[in-house]
Amino acid sequence: MAEHVAVTTDEHGVATIRLDRAPVNALNPQVWSELGEAAITCSTDDGIAAVVLWGGPKVFAAGADIKAMNAMTFQELFASGGGLQEAVKALARIPKVMIAAINGYALGGGCELALTADFRYAADNAQLGQPEIKLGIIPGAGGTQRLTRLVGISKAKQMVYGGEFYAASDALAMGLVDEVLPPDEVYGAAVEAARGYAKGPFALRMAKKAIDEGVEMDLDSALRLETTLFTATFATDDRRIGMDSFVEHGPGQATFTRN
Ligand code: DAK
């Protein structure tokens, strides 16, 4: 039974991965491990069609637990690093749309956690950043890589070299977050959007795979992956449902089965 991470699923097939470790959701090895388990649940449970990642109404996550990390030897840190990366990868590879709902701080590992989602919805008082440099370390859970792919090299360098916190409006301008909302509307808006994706066809999984895996490849290989996955959509019930529905009722009327 997880202590700090809960997965609950609503009647629309939207799961919420809720992080809860007072006071600031600091991420220690146990929390990362529980997040990895939550990712496996969300990936494998057919009743889950889309995911919201939320740290609650006050703070998303202020990063790795600095006090715990400070007490670690090189050997302990080295040993925990692999498991941590596996948990982060498991979250990023959930084959369903995931939205991070960010209230308050998303810093260091907390910002990196948000980067595992497809989209980030932030409260207008949220603050995001990669302040690791101020501790004499660098981001170690995707902050030099996923962040760079998302916002570009210069912005990522500004964030990582400077270690400053960025207001939600600045994060929006640089493409780090996708929506900025009043704090008490962030989670609800993320759930609402996730419900929309939960109604989508099986092809959404293929689109996510094509984009996320394709971006790591050279263009020719990525285009071949796209062609393969495009062709594979013809093996799904939802492709038939979508096209039959268009022919009979016009655009946008299909009710998909996610098969
Ligand atoms: N860890 C542990 N405790 C933290 C914490 C953190 N990251 N952030 C805050 N706290 C604690 C504070 O110590 C304080 O505890 P008490 O004194 O009450 O016991 C309490 O939370 C409230 O914090 P403040 O009193 O500071 O509250 P403020 O509102 O003034 O400030 C703040 C909140 C979040 C802005 C501030 O506390 C802050 O700057 N926190 C540090 C943020 C930070 O530097 N985050 C990056 C951490 S480094 C790895 C891969 C990745 C990583 C690690 C390893 N491997 C591959 C192995 C990731 C590293 C990081 O994330």
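All ligand and atom numbering here is 1-based and tracks the order in the structure. Only this structure's heavy atoms are used, side chains among them; waters, hydrogens and symmetry mates stay out. For reference, positions follow the sequence shown, starting with 1.
When the side chains of ILVMFWY residues are joined at heavy-atom separations under 4.5 Å, either directly or via intervening members, Val5 and Leu84 end up in a single hydrophobic cluster. Under the 4.5 Å side-chain heavy-atom criterion for grouping Ile, Leu, Val, Met, Phe, Trp and Tyr, Leu113 is connected to Val151 within one hydrophobic cluster.
The protein heavy atom nearest to atom 49 (C) of ligand 1 is Leu84 CD1, 3.6 Å. Looking only at heavy atoms of the protein, atom 59 (C) of ligand 1 is closest to Ala64 CB, 3.3 Å.
In this structure the side chain of Val186 never reaches within 4.5 angstrom of the side chain of Asp124, judged on heavy atoms. Side chains of Leu27 and Leu35 form a contact here, defined as non-hydrogen atoms less than 4.5 Å apart. Residues Tyr105 and Phe165 have side chains in contact (heavy-atom distance under 4.5 Å, counting atoms from C-beta outward).
Between the OH atom in Tyr166 and the NZ atom in Lys155 there is a gap of 7.0 Å [rounded to 0.5 Å]. Leu91 CG to Glu112 CD: the interatomic distance, rounded to the nearest 0.5 Å, is 12.0 Å.
At a 3.5 angstrom cut-off on N or O pairs, Gly140 does not count as close to ligand 1. Considering backbone and side-chain atoms together, Gly109 places an N or O closer than 3.5 Å to an N or O of ligand 1. Checking only distances, Ala141 never comes within under 3.5 Å of ligand 1, N or O to N or O. Between Ala62 and ligand 1, at least one N/O pair is under 3.5 Å apart.
Atom numbering of ligand 1 starts at 1 in the shown order; those under 4.0 Å from a heavy atom of Pro131 are 43 (C), 44 (O), 45 (N), 46 (C). Every atom of ligand 1 with a heavy atom of Pro23 under 4.0 Å away is listed here by number and element: 20 (C), 21 (O). The ligand atoms of ligand 1 that sit less than 4.0 angstrom from a heavy atom of Gly63 are 61 (O). In summary, the atoms of ligand 1 found under 4.0 Å from a heavy atom of Gly108, numbered by their order in the structure, are 46 (C), 61 (O). Under a 4.0 Å criterion applied to the non-hydrogen atoms of Val24, ligand 1 contributes the atoms 4 (C), 5 (C), 8 (N), 9 (C), 10 (N), 21 (O). Of all the atoms in ligand 1, the ones that sit under 4.0 Å from a non-hydrogen atom of Phe165 are 35 (C), 39 (O).
Counted within 6.0 Å of NZ on Lys209, heavy atoms from surrounding residues, nucleotides or ligands total 12 or fewer; the atom is thus considered open.
The protein does not reach atom 30 (O) of ligand 1 closely, with no heavy atom under 4.0 angstrom from it. In this structure, atom 45 (N) of ligand 1 is in close contact with the protein, since a protein heavy atom lies within 4.0 Å of it. Shown here, atom 25 (O) of ligand 1 is out of close reach of the protein: none of its heavy atoms lies under 4.0 Å off.
Within the set Lys134, Lys58, Lys67, the minimum heavy-atom distance to atom 15 (O) of ligand 1 is found for Lys67. Of the options Asp65, Val88, Leu107, Leu135, the smallest heavy-atom separation from atom 2 (C) of ligand 1 is shown by Asp65.
Salt bridge status for Glu216 with Arg149: present, with a side-chain N to carboxylate O gap under 4.0 Å.
Under a cutoff of 6.0 Å and an axis angle of 45°, Arg239 and Phe234 form a cation-pi pair.
Using modelled atom types and a 3.5 Å distance limit, the side chains of Asn259 and Thr236 yield no donor-acceptor pair.
Put simply, no part of Phe78 is less than 4.0 Å from ligand 1, judged by heavy atoms.
Counting heavy atoms under 4.0 Å from ligand 1, residue Met69 touches it through the side chain alone.
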